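Quantities reported herein were computed from a predicted structural model and do not represent experimental measurements. Because only heavy atoms are used, hydrogens play no part in the values below, and waters and symmetry mates are left out as well, while side chains stay in. Heads up: numbering here begins at 1 and tracks the sequence.
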Amino acid sequence: MALKTSNEKFKARVEKEVQNTFMRGAVSRAQETIQGRKRTVTDELGNWEEWRNHGVEIRQHVLENLDYYLYQLSENVSNRGGHVFFAQTAEEASTYISDLAKKKEAKNIVKAKSMVTEEISLNQKLEETGCRVIETDLGEYILQMDDHDPPSHIVVPALHKNKEQIRDVFANKMDYKNTEKPEELALFARKSLRQEFLQADMGITGCNFAVAETGSITLVTNEGNADLVAALPKTQVVVMGMERLVPTFEEMEVLVGMLTRSAVGQKLTSYITILTGPREEGDVDGPEEFHLVIVDNGRSNILGTEFQSVLQCIRCAACINVCPVYRHVGGHSYGSIYPGPIGVVLTPLLGGYDDYKELPYASTLCGACTDVCPVKIPLHQLIHKHRQVIVEKEGRAPVSEKLLMKAFGVGASSSSLYKVGSKMAPTLTRPLTDGDKITKGVGMLKEWTDVRDFPAPSKERFRDWFNNRSKGGNGS
């Protein structure tokens with residue numbers, strides 16, 4: 001389960017990222033900008049909720065018939081001369097591709113942006129076998145040049161970097177001499193990458209949606225680099241999560257329109273590319289050999305469970321773009337290549353609670369993520385379900401929390417104990433109180449008071465107040 005982006009503890013990651021004022025400002029501005037654009041393009045449709053209903057219907061239908069559509073897809077890819085490999089684990093997927101690179105003597109590999117290749121640590125595997133791998137998405141290219149800095153956002157991977165930092169990366173790693181102007185930086189990257197495309201032996205892309213009916217692969221991009229990755233090298237590899245399927249082009253068109261609106265507030269992105277197998281007679285470009293690697297990596301274990309709806313995700317990042325927690329802690333705090341609410345739900349399912357049991361608590365449960373999800377994944381409910389599983393089934397709650405909850409349960413279930421406790425509360429908390437706020441804390445309370453105040457218990461309990469009001473004739 002190659003999801004981890006950091007070996008630091010969760011709290012240490014959060015503490016560091018909260019201090020990154022540029023990142024927090026960049027995330028805040030991006031969230032506001034993208035949400036504004038999204039509202040405009042969805043309002044233009046006039047019936048966005050109907051589109052959401054249709055989208056969830058498509059995704060649920062696919063998941064309920066996933067075996068059928070995977071078989072249909074694999075048969076159609078094979079019939080068109082392509083090769084299909086089903087990888088149960090991340091290791092199987094990365095090994096298949098690295099072995100293929102050895103077989104083809106592919107030394108130079110170009111890649112388009114792909115979350116699932118990040119998930120399986122494909123670049124690392126290929127580099128270990130002697131391949132030179134170049135990311136061609138501009139954001140991913142910047143991060144790769146910056147000592148393989150992990151992405152902090154699903155759609156905008158280099159969101160946490162400013163133009164001065166990017167200039168310094170290019171200057172230090174690639175002898176860049178110009179200014180931090182975005183136009184100059186982009187032109188420099190374009191010229192550098194153009195040569196990489198021309199000398200590449202193998203191209204690797206992800207897959208936004210695979211069309212089962214035809215064996216076609218859909219790529220949704222704004223830079224056009226994926227087209228060059230697919231068209232120029234002799235060997236093309238497409239890596240897709242096993243759930244990224246649609247039955248026909250009709251459903252693909254629906255979901256692409258929802259993806260682009262939800263992700264970046266566009267009616268359509270600059271490029272919607274359909275790839276169907278290797279080059280055929282009469283084609284002017286395209287690969288001589290086509291490989292489709294379908295990755296499970298824990299997804300089949302989610303099917304049929306109470307978390308199945310998370311597999312409806314179309315990777316638009318709409319949930320990330322409204323999340324108040326992500327706004328303050330950024331993508332790197334999650335320690336996974338999947339940040340934000342979708343990462344909070346998906347990462348523990350793929351990577352286990354041992355490494356990611358803190359993530360479900362990185363949420364306010366405000367429900368904003370559920371409200372904006374174009375395919376109606378009940379994200380905040382799934383986050384709450386994770387917490388329930390962690391406490392009740394996994395038994396992973398801290399001992400102090402267990403004891404505290406048990407003591408509260410005993411006290412709250414006895415009217416006499418509750419009465420005594422409520423009377424003693426103001427006295428017991430007095431050393432921690434400043435005015436009407438608890439400003440210092442111990443144990444779990446400390447984590448709250450470190451960043452905000454907590455209301456102090458009132459000396460006059462509600463029952464006392466109510467009885468006094470009633471006696472005075474003002475009880476109504």
Side-chain angles (χ1 to χ4, degrees), residues 9-11 14-15 305-310 323-325 328-329 333-334 341 343-349 351-370 378-470 475:
K9 296 293 185 181
F10 175 71
K11 291 179 182 178
V14 169
E15 185 175 346
T305 72
E306 54 204 347
F307 292 101
Q308 176 173 299
S309 59
V310 75
C323 180
V325 174
H328 288 287
V329 304
S333 293
Y334 295 83
V344 166
V345 177
L346 184 60
T347 299
L349 296 172
Y353 290 121
D354 285 342
D355 291 325
Y356 301 109
K357 64 179 181 297
E358 296 93 352
L359 289 191
Y361 296 92
S363 171
T364 64
L365 298 180
C366 64
C369 50
T370 299
L379 287 163
H380 74 291
Q381 294 176 11
L382 297 181
I383 294 170
H384 186 269
K385 177 60 66 175
H386 266 310
R387 296 184 185 183
Q388 183 180 354
V389 171
I390 289 170
V391 173
E392 296 181 2
K393 295 183 180 180
E394 297 286 323
R396 294 174 180 267
V399 174
S400 58
E401 181 180 326
K402 291 179 181 179
L403 293 174
L404 181 60
M405 291 299 104
K406 188 172 183 178
F408 179 79
V410 171
S413 62
S414 168
S415 60
S416 57
L417 288 176
Y418 187 83
K419 183 177 180 179
V420 171
S422 60
K423 284 186 175 182
M424 293 177 61
T427 302
L428 293 175
T429 57
R430 188 176 300 152
L432 311 175
T433 303
D434 182 7
D436 62 348
K437 302 290 185 182
I438 295 178
T439 58
K440 296 180 289 184
V442 294
M444 290 184 295
L445 185 61
K446 184 178 186 301
E447 295 192 12
W448 181 281
T449 56
D450 279 348
V451 293
R452 65 192 70 176
D453 294 334
F454 194 84
S458 175
K459 294 179 180 179
E460 183 181 33
R461 301 177 308 154
F462 173 78
R463 288 180 181 271
D464 298 332
W465 173 86
F466 184 82
N467 290 333
N468 291 335
R469 295 273 292 179
S470 298

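For F454, the CZ atom sits in a loose shell: 12 or fewer heavy atoms of surrounding residues, nucleotides or ligands are nearer than 6.0 Å. Heavy-atom contacts from other residues, nucleotides or ligands closer than 6.0 Å to OH of Y361 number more than 12. Within a 6.0 Å sphere centred on CD of E15, other residues, nucleotides and ligands contribute 12 heavy atoms or fewer. More than 12 heavy atoms of other shown residues, nucleotides or ligands fall within 6.0 angstrom of atom CE in M405.
In this structure, CG in D464 is found 7.5 Å from OG in S422, a value given to the nearest 0.5 Å. If you take CZ on R463 and CG on N468, they are separated by 13.5 Å, rounding to the nearest 0.5 Å. Rounding to the nearest 0.5 Å gives a distance of 12.0 Å between CZ of F408 and CG of L417. K459 NZ to T427 OG1: the interatomic distance, rounded to the nearest 0.5 Å, is 8.5 Å. The OG atom of S363 sits 11.0 Å away from the NE2 atom of H386 when rounded to the nearest 0.5 Å. The CG atom of L349 sits 12.0 Å away from the OH atom of Y356 when rounded to the nearest 0.5 Å.
Remark: the backbone N or O of V410 is paired with a side-chain donor or acceptor of S413 at under 3.5 angstrom. For S414 (side chain) and G411 (main-chain N/O), no donor-acceptor pair under 3.5 Å exists by modelled atom type. Between the side chain of T370 and the main chain of L379, a donor-acceptor pair closer than 3.5 Å is present. Of the possible polar contacts, none joining the R461 side chain to the K423 backbone as a donor-acceptor pair under 3.5 Å is found.
Closest of all the heavy-atom pairs between D453 and K437 is CB-CB, 3.9 Å. Residue S309 comes nearest to L382 through the heavy atom pair OG-CD1, 3.5 Å, listed as atom of the first residue, atom of the second, then distance. Heavy atoms only, all atoms of each residue included: A362 and V344 are closest at O-CG2, 4.2 Å. Here the closest non-hydrogen pair linking W465 and E460 is CA-OE2, 3.5 Å. L428 and P431 make their closest contact through O-CD, 3.5 Å (heavy atoms, listed as atom of the first residue, atom of the second, distance).
The side-chain heavy atoms of K357 and F10, taken from C-beta on, include no pair separated by under 4.5 Å. By the 4.5 Å heavy-atom criterion applied to side chains, T439 and T449 are not counted as neighbours. Annotation: side chain of I438 is in contact with side chain of P457 (closest heavy-atom distance under 4.5 Å). Contact of the E306 side chain with the V389 side chain is registered, since non-hydrogen atoms from C-beta on lie closer than 4.5 Å. Counting heavy atoms from C-beta outward, K9 and E358 have side chains that stay 4.5 Å or more apart. Side-chain atoms of K385 and T305, non-hydrogen and from C-beta on, never get closer than 4.5 Å to each other. The closest side-chain heavy-atom distance from T364 to H380 is not below 4.5 Å.
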